[in-house]
Amino acid sequence: MMRNIALIDVNNFYVSCERVFNPSIKDKPVIVLSNNDGCVISRSNEAKALGIKMGEPWFKCQDLVKKYDIQGLSSNYALYADMSNRVMSILSDFSPHQEVYSIDECFLDLTGFEKKNLVEYSQEMRGRIFKWTGLPVCVGVGSTKTLAKLANHIAKKNSQFDGVCNLNVLTEDQLNSLFGNIDVGDVWGVGRRLASQLKALGINTVLDLKKADSEYVRQQFSIVMAKIVSELNGNVCIELEEIAPPRKQILSSRSFGYPVRDYHSLAESITLYMSRAAEKLRSQESLASVVQVYIRTSPFKLNEPQYSNGMTIPLPSPSDDTRQLVKTALWGLKHLYKRDFNYAKAGVSLSELIPKKLIQFDMFESAQSASRSASLMSTIDRINSKMGRGRIKLASEGFSRPWKMKQENQSQRYTTNWSGLISVK
DNA sequence: TATCGTATCACAC
DNA sequence: CTAACGGTGTGATACGATA
């Protein structure tokens with residue numbers, strides 16, 4: 001049976017979130033910056049038209065910024081996450097089968113909805129999302145996730161589609177003429193590297209890739225590429241994942257706002273990052289068996305001495321206790337740290353994660369101490385979730401955070417903070 | 001010989 | 001004003017070590 005899979009994607013998501021609460025930037029070139037105000041990660045159509053590139057370092061954009069009065073905003077993840085939840089919740093009403101694929105995208109399985117006109121149904125989604133959140137979205141429909149992605153791309157690029165493209169109602173000829181005009185690099189899963197390798201073999205367009213011989217592709221590239229080709233031909237190889245599997249690894253790292261030289265600042269930042277990682281670990285009810293820590297100087301400062309090092313430390317027994325995880329990470333840091341370097345970034349990761357309920361007691365830890373740890377952690381998590389992140393924290397996090405990241409132009413948390421609400425323009 | 005561990009690459013967003 | 005370049009996660013592959 002022909003599947004109908006929809007991919008809904010918010011246009012220029014972060015920029016669009018900012019515009020909902022600040023209409024004065026509605027028709028202006030606007031961009032949102034990565035953490036630390038480092039790189040461009042979201043652009044309005046106006047900014048794209050002026051030649052601002054995705055991923056470009058902010059300081060390199062300054063000529064264009066001054067010339068055209070481009071608004072550069074620090075990222076505001078509290079706002080984006082909340083807006084994302086609203087969009088996903090609205091979309092969940094349109095199908096019983098939803099996969100939240102990223103902060104601004106989800107797949108819906110519309111198979112079995114054929115008695116409806118799916119283009120009209122998709123327009124209904126767009127209308128409701130715009131009315132209830134102020135965000136513009138495009139919808140692509142196809143018989144596989146790869147085709148739905150492609151359909152969405154077509155809807156975004158061609159205004160005559162009015163934001164919705166259903167490939168399943170097009171003829172073979174119509175499909176071929178569309179696919180013949182789309183660069184192979186626009187296919188989901190084909191990045192810069194693979195695109196250039198494909199082109200070297202004469203596979204330049206989506207149509208070329210769709211028609212490519214499956215065995216040839218598998219042998220020249222990989223099983224992944226073979227699946228992509230198969231999906232382009234309408235065979236489902238990538239299933240909808242309605243229930244997000246638990247993370248296999250949890251990372252927390254950040255660049256510093258200023259170069260850091262002293263051990264204590266590094267230790268404070270590592271404490272903070274590990275505390276965040278441990279919260280995420282507990283929220284998915286896992287325990288970590290391995291802790292990793294790393295620090296490094298800036299690879300972009302070519303005239304400064306470089307140092308980058310990390311350490312992997314197995315835990316005596318799997319844990320989700322912030323105190324133990326931090327202690328382990330700091331033990332690692334002590335061994336990694338070298339004086340007289342300008343550190344630019346530090347990070348931690350938790351891996352070899354196992355479901356908490358599968359774990360047996362550690363023979364060296366009493367049941368009583370395990371349950372004390374669990375109730376302390378869950379109490380801290382409850383307080384922090386109610387009273388605000390970081391309300392209760394380890395003292396080794398410090399209080400001044402002179403290394404904290406730069407965010408010089410951040411909007412209010414309009415939807416998640418009372419004082420942000422009051423300042424809506 | 002099959003499997004493991006790990007580094008590296010590639011990709012998404 | 002300075003100076004300044006993200007973060008999180010997955011999977012494939014290559015390759016030497018190990019059982």
Side-chain angles (χ1 to χ4, degrees), chain A residues 7 9-15 31-43 52-63 65 72 74-75 77 80-81 84 99-107 145-146 149 152-153 184-198 218-228 237-238 241 244-259 269 273 276-277 280-281 284 289-290 292 294 296-304 308 310-312 314 342 344-353 405-408:
Chain A
L7 186 270
D9 185 317
V10 183
N11 306 345
N12 312 331
F13 181 55
Y14 296 168
V15 161
I31 63 183
V32 171
L33 303 170
S34 66
N35 275 337
N36 223 16
D37 292 347
C39 298
V40 175
I41 54 171
S42 180
R43 306 162 294 161
I52 299 279
K53 294 203 191 71
M54 189 63 166
E56 188 78 346
W58 174 227
F59 73 91
K60 287 190 177 176
C61 302
Q62 292 313 304
D63 286 349
V65 167
S74 304
S75 41
Y77 287 105
Y80 311 148
S84 174
E99 174 185 341
V100 177
Y101 175 67
S102 76
I103 193 161
D104 76 324
E105 281 176 52
C106 79
F107 292 98
K145 292 212 282 190
T146 303
K149 279 286 238 181
N152 188 283
H153 178 263
V184 72
D186 291 330
V187 174
W188 189 38
V190 178
R192 257 217 323 267
R193 194 67 179 256
L194 288 171
S196 88
Q197 290 176 30
L198 284 163
R218 174 172 315 207
Q219 175 237 314
Q220 288 288 317
F221 295 90
S222 65
I223 184 71
V224 180
M225 187 67 81
K227 280 185 184 174
I228 290 172
C237 302
I238 309 170
E241 284 194 66
R247 301 270 89 108
K248 297 174 177 177
Q249 184 185 38
I250 293 170
L251 274 130
S252 179
S253 69
R254 207 113 314 175
S255 299
F256 303 126
Y258 299 90
S269 74
Y273 305 156
R276 288 276 169 287
K280 288 189 221 169
L281 182 71
Q284 70 166 32
S289 324
V290 170
Q292 284 165 287
Y294 73 89
R296 63 148 221 228
T297 54
S298 168
F300 300 105
K301 290 183 175 172
L302 300 170
N303 51 347
E304 287 189 12
S308 170
M311 189 181 272
T312 302
N342 287 325
K345 184 173 179 176
V348 302
S349 103
L350 299 172
S351 50
E352 314 258 311
L353 308 185
M405 65 182 175
K406 264 186 258 188
Q407 290 203 300
E408 291 178 339

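Naming convention: chains lettered A, B, ... in sequence-line order (proteins, then strands); numbering from 1 in each chain. Only this structure's heavy atoms are used, side chains among them; waters, hydrogens and symmetry mates stay out.
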Would you check, one step at a time, whether the test side chain to side chain contact (heavy atoms under 4.5 Å, CB included) holds for A/Ile238 with A/Trp188? CA-CA 12 Å; A/Ile238 309 170; A/Trp188 189 38; 4.1 Å; yes
Please report the distance, rounded to the nearest Å, between [atom1] in [X] and [atom2] in [N].
X	N	atom1	atom2	answer
A/Asn342	C/dA4	CG	P	9 Å
A/Glu99	B/dA12	CD	C1'	13 Å
A/Met225	B/dC11	CE	C1'	11 Å
A/Ile41	C/dG7	CD1	C1'	9 Å
A/Trp58	C/dC5	CH2	C1'	14 Å
A/Lys248	C/dG9	NZ	P	13 Å
A/Gln62	C/dA3	CD	C1'	11 Å
A/Lys227	B/dA12	NZ	P	16 Å

Proximity to the side chain of [X] - top-ranked nucleotide from [options]:
X	options	value
A/Lys280	C/dG9, C/dG11, C/dC5	C/dG9
A/Asn36	C/dT10, C/dG6, B/dC13	C/dG6
A/Trp188	C/dG9, B/dC13, C/dT10	B/dC13
A/Ser298	C/dG6, B/dC13, C/dC5	C/dC5
A/Arg193	C/dG6, B/dC9, C/dG9	B/dC9
A/Leu194	B/dA10, B/dA12, C/dG7	B/dA10
A/Tyr101	C/dG6, C/dA12, B/dA12	B/dA12

Looking at [Y], is its backbone amide N or carbonyl O close enough to the side chain of [X] to form a donor-acceptor pair, meaning the two atoms are under 3.5 Å apart?
X	Y	result
A/Asn36	A/Phe256	yes
A/Ser75	A/Leu33	yes
A/Ser34	A/Cys39	yes

Under 4.0 Å, counting only non-hydrogen atoms across every strand here, what does [X] touch: a base, just sugar-phosphate, or nothing?
X	result
A/Asp104	sugar-phosphate
A/Ile250	sugar-phosphate
A/Lys60	base
A/Glu56	nothing
A/Val187	sugar-phosphate

Classify the ring geometry between A/Tyr80 and A/Tyr14 as parallel (under 30°), tilted (30 to 60°) or perpendicular (over 60°).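 A/Tyr80 vs A/Tyr14 ring planes: parallel.
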Upstream residue (5' side of DNA chain C) when A/Asp37 and A/Phe221 are each assigned their closest nucleotide: A/Asp37
Between A/Ile223 and A/Gly55, which residue's closest nucleotide on DNA chain C lies nearer the 5′ terminus? A/Gly55
Does A/Lys345 place a side-chain N or O at less than 4.0 Å from the phosphate oxygens OP1/OP2 of C/dG6? no
Residue-phosphate contact under 4.0 Å: A/Lys149 side-chain N/O, B/dA12 OP1/OP2: no
Would you jot down, in residue-number order, the residues of residues 251-259 of chain A having a non-hydrogen atom under 4.0 Å from DNA chain C?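 Here the set is A/Leu251, A/Ser252, A/Ser253, A/Arg254, A/Ser255.
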Do A/Gln292 and A/Ser349 pair up side chain to side chain, a donor and an acceptor below 3.5 Å, judged on atom types alone? yes
Partner set under ring pair (Phe, Tyr, Trp, His ring centres under 6.0 Å) for A/Trp58, not counting sequence neighbours: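 Applying ring pair (Phe, Tyr, Trp, His ring centres under 6.0 Å) to A/Trp58 gives none.
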Roughly how many Å apart are B/dA12 and C/dG6, using the C1' atom of each and rounding to a whole number?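 It comes out at 14 Å once rounded to the nearest Å.
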Student check: side-chain heavy atoms of A/Asn152 and A/Glu105 closer than 4.5 Å: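 The answer is no; the side chains never approach within 4.5 Å.
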Heavy-atom closest pair, residues A/Val100 and A/Cys106: CA-CB, 3.9 Å
